[in-house]
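Worksheet: the structure to be examined is printed underneath.
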Amino acid sequence: MAPFPTDPTEGALVLLDSRRRIRRVSPGAVALLDRSPGALLGLDWRPAELLSGRELSWHEEQLRGSVPRDDLHLVFLRPLRSSAAPTRSVASLAAWSDSAELALLRTPDGRVVEVNQALARKFALPALEWRGKDVSALVHPEDLPVWNEAQQRLQRPPYRLAHESRWLTAQGWRWLAWEEASILDEEDRVIGLRGVGRDVTKHRLAEEHFQKLARAVEQAPLAVVIAMPDGRVQYVNPRFTEVTGFTLEEIFERGIDVLRSGFADETEWKQFWGTVQAGQSWRGEVCARYKTGQPVWELVQVSPIRNHADEITHLLCLREDITERKRLEEQLRQSQKMESLGTLAGGIAHDFNNLLAIIDGFADLAAVRVAADPELSRYLSEVQAASQRASGLVRRILTFSRKAEVSFRPVSVNRLIVDLGRLFSETFPRTIVFEYRLDETLPMLAADQNQLQQILLNVCVNARDAMREGGRITWITGRCSGERLGRLGAEPGVEYLMIRVSDTGCGMPDSVRARIFEPFFTTKHDSGGTGLGLSVVYGAVVHHRGVIDVESQEGVGTTFSVYLPMTGGESAASAAETGGVAEIPGGTESVLVIEDELALRTLLRVSLEAKGYRVRTVADGGEALEFLLGDPGRLDAVVLDLNLPRVSGVEVYPTLRRLAPDAAVLVLSGNVSAEARAELEASGQPVFLSKPCRLGELGRQLRRALDGRRPRQG
């Protein structure tokens, strides 16, 4: 069937069904009949009534169907005269007097001549009071330009138009749709304007509501999928395409089962599909791989959409990308795991260090007594060496697992590197070897030891990951002037201590090397890399007012060079106290040992009494307080453990300072937290010794503290 003509001069069509009711009208027919489509559809075709007073000719053709009930009738309308202007008619609204549609007759300058009862009721103003009014005062100010333009267009061919605007009615602002036509005299002059309107506010609001919903779905941060009840996708929003890389056309062409994406196995999928098919909502987390091949974690919710008959017509699927949240959750779990390990390590350190101190101390005593037997001396030396190695291992584990205070103290960089190298040798794959080229003349460096350990740890872990098949890590230390490091932003005239770590790994391209210090940038997604290791390194170097340089070549390896400003001081070699079995300096002073481990109390008592000290011992904090509050007599020094039963050493210390202010205090503990250290130092200045401590070192520190006391008053 040919399309309906829209130009009245070319005729117009009306389509009737088998019962001769109007089923469809062309725009041309609407113009010639001067009625809206809504007013015509469904009416019985009665030419005498519909064409009354109109200069129209018509004829009808029957379109036969396969059965009589499918017959259609096509009515052709044509004006009797050739003109683009509307039919001349009497300026009256008699035809709309009983109509539910609004009718308005105006003069060419816009003054009201007549309104029908429907319009009068709409505005709650009697029909007679409308005459002479300018209706433009009722039009919304924002729509007034559209209304005025429409009135001007009615003054020229084709003298008809349709438009919408807001009007202030008795119900408030309402959208009215107008179909207007000019009334012409015999000389084709406009003598009136006739408008037929209807309230389309509900339709307009519904349309605006639909547009808002459409924009919300299009711009939603969630991926939205609308599918048929059998799972065939009908719509995806731009966010879905952004996350997955698939457009709706690709889904159609490739037959992608979007709802199936992310389910690990058939059992999970069947459980999900059974829930949805039963008309229930489903919510859960899935991990899918889309175009990029990278895993995407999504929080998925699928709900049925029902019609008025409670039938499921579609499925609404909302998919939220939670990949970043899952990554942060994994980091939090890892952090909690490390915190738990730190708590556990701190808990066992006390007992373990006590055992090591007992082993090392009694080995010292035995070595003195068997000095004449070289073979036994060698055996005891091996016991002591193993004890010291175990002690260092515990100390390094505690360093990495606890929250340590940030403080700049003299640090032997070479010794730190050697200690870390031993730890890495025991934990890194055996296919990785370590090489040392250390400058033994380097002075002590004023630095935070924990941050230095973090720098070296993260750089070496990166080197390990770059050498999956094994390789070599080389440690180099030395000196470098600030002038040579000008390109890195170093200060001229300042001498820097250099720590260089080189590996023989896979190396990095320039594009990766340029971003390695960015937080959260990582190339180790599959192995759980967080992208924070090297950003921590950079922050620690800056915190020390240092600079860092990175050189890398793919297939050759990577070198990290850290430069930290040096301060003057004696060399590390001369500053260090010699270890091993050493003579305890003698003395006659009174010493109180507060220690819960019986064997260690016995060791300290025997060792110090052998050198002339008068030693008394207590087993816990409560017993220590009872001793101090009694009559302790002259008390010159106290060896205090912190991890004590009943009352902790931290709680004993203030009472000790108050009752024995002149006593030298040596705090002997395997794990002193930053908070505990600050609390102890606030009440005095004790000497801190780490368990296990060699007897010779403890004796020297005790003698030094006793000799450094202020003179007793009185």
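Under the 6.0 Å cut-off for aromatic ring centres, His140 and Trp147 do not qualify, their centroids lying 6.0 Å or more apart.
Residues in residues 195-253 take part in no ring pair (Phe, Tyr, Trp, His ring centres under 6.0 Å) pair, two or more places apart or across chains. Applying the ring pair (Phe, Tyr, Trp, His ring centres under 6.0 Å) test to residues at least two apart or on different chains, the pairs with a partner in residues 253-287 are Phe263-Trp269, Phe263-Phe272, Phe263-Trp282, Trp269-Phe272, Trp269-Trp273, Phe272-Trp282.
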Does the side-chain contact (heavy atoms from CB on, under 4.5 Å) test come out yes or no for Val258 and Ile251, once each step is laid out? CA-CA 8 Å; Val258 172; Ile251 294 173; 3.8 Å; yes
Intermediate values then yes/no, side-chain contact (heavy atoms from CB on, under 4.5 Å), Val541 and Ile455: CA-CA 8 Å; Val541 171; Ile455 291 173; 3.8 Å; yes
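Judged by distance alone, the side chains of His163 and Glu180 do bring a donor and an acceptor atom under 3.5 Å apart. Side-chain contact annotation: Gln151 with Arg106, donor-acceptor N/O pair under 3.5 Å present.
Rounded to the nearest 0.5 angstrom, Arg153 CZ and Asn148 CG are separated by 13.5 Å. In this structure, CZ on Arg21 lies 12.0 Å from NE2 on His73, to the nearest 0.5 angstrom. The CZ atom of Arg23 lies 16.0 Å from the CG atom of Leu43; values are rounded to the nearest 0.5 Å. A distance of 6.5 Å separates CG of Leu33 from CG of Leu51, quoted to the nearest 0.5 Å. Considering CG of Leu205 and NZ of Lys212, their distance stands at 8.5 Å, rounded to 0.5 Å. One distance of note links CG of Asp143 with CZ of Arg166; it measures 4.0 Å at 0.5 Å rounding.
Heavy atoms from other residues, nucleotides or ligands lying under 6.0 Å from CZ of Arg306 number more than 12. The environment of CD in Gln62 is crowded: more than 12 heavy-atom neighbours from other residues, nucleotides or ligands sit within 6.0 Å. Atom NZ of Lys133 is surrounded by 12 or fewer heavy atoms from other residues, nucleotides or ligands within 6.0 Å. By the neighbour-count criterion of 12 heavy atoms within 6.0 Å, atom CD of Glu491 is sparsely surrounded, having that number or fewer from other residues, nucleotides or ligands. Heavy atoms from other residues, nucleotides or ligands lying under 6.0 Å from CZ of Arg283 number 12 at most. Crowding of Arg19 atom CZ: a count of heavy atoms from other residues, nucleotides or ligands under 6.0 Å not exceeding 12. Shown here is Leu213, whose CG atom has more than 12 heavy atoms of other residues, nucleotides or ligands within 6.0 Å. For CZ of Arg204, the number of neighbouring non-hydrogen atoms (other residues, nucleotides, ligands) closer than 6.0 Å is greater than 12.
Between Gln155 and Pro108, the closest heavy-atom pair is NE2-O, 3.6 Å. Nearest heavy atom pair, residue Gly279 against residue Ile312, reads CA-CD1, 3.7 Å. For Leu176 against Phe123, the heavy-atom pair with the smallest separation is CD1-CZ, 4.1 Å.
Trp178 and Trp167 have tilted rings, their planes meeting at an angle from 30° to 60° on a 0 to 90° scale.
Side chain of Ser26 to main chain of Leu13: a donor-acceptor pair is present (N/O by atom type, distance under 3.5 Å, no hydrogens or angles). When atom types are taken as modelled, the side chain of Ser552 and the backbone of Met508 share a donor-acceptor pair closer than 3.5 angstrom. Counting only distance, with no hydrogens or angles, the side chain of Asn116 and the backbone of Glu101 share a donor-acceptor pair below 3.5 Å. A donor-acceptor pair under 3.5 Å is absent between the side-chain atoms of Glu114 and the main chain of Ala103, judged by distance alone. Between the side chain of Thr241 and the backbone N or O of Gly245 there is no donor-acceptor pair closer than 3.5 Å. Between the side chain of Asn237 and the main chain of Leu222, a donor-acceptor pair closer than 3.5 Å is present. Remark: side-chain polar atoms of Trp130 are paired, donor with acceptor, to backbone N or O of Leu125 under 3.5 angstrom.
None of Ile305, Val233, Leu259 except one satisfies the side chain to side chain contact (heavy atoms under 4.5 Å, CB included) rule with Leu315; the exception is Leu259.
Using a 4.5 Å heavy-atom cutoff, the side chains of Val300 and Cys317 are in contact. A 4.5 Å side-chain heavy-atom check between Val286 and Arg319 finds at least one atom pair inside the cut-off. Inter-residue side-chain proximity for Val14 and Arg24 is flagged as unmet; no heavy-atom pair is nearer than 4.5 Å. Looking only at side-chain heavy atoms (C-beta outward), Arg20 and Glu60 come within less than 4.5 Å of each other. Looking only at side-chain heavy atoms (C-beta outward), Leu72 and Leu16 stay at 4.5 Å or farther from each other. Looking at heavy atoms from C-beta onward, Ile183 lies in side-chain contact with Leu105 at the 4.5 angstrom threshold. Here the side chains of Trp297 and Glu324 are not in contact, with every heavy-atom distance at 4.5 Å or above. You'll find the side chain of Val190 stays beyond 4.5 Å of the side chain of Leu154, heavy atoms only.
A salt bridge does not link Glu218 with Arg239: every distance from a Lys NZ or Arg NE/NH1/NH2 to an Asp or Glu carboxylate oxygen is 4.0 Å or more. Of the charged side-chain nitrogens involved, at least one lies within less than 4.0 Å of a carboxylate oxygen, so that Lys291 and Glu250 count as a salt-bridged pair. Ionic pairing of Arg46 and Asp44 is present here: one or more N-O contacts between side-chain nitrogen and carboxylate oxygen are shorter than 4.0 angstrom. The existence of a salt bridge linking Arg325 and Glu329 is confirmed by a sub-4.0 Å separation between a basic side-chain nitrogen and an acidic carboxylate oxygen. For Lys326 and Glu298, the salt-bridge test fails: no basic side-chain N is under 4.0 Å from an acidic carboxylate O. In summary, Arg174 and Asp199 engage in a salt bridge, as defined by a charged side-chain N under 4.0 Å from a carboxylate O. Using a 4.0 Å cut-off between charged side-chain N and carboxylate O, Arg260 and Glu268 make no salt bridge.
Qualifying side chain to side chain contact (heavy atoms under 4.5 Å, CB included) partners for Ala170, counting only residues two or more places apart in sequence or in other chains: Ala124.
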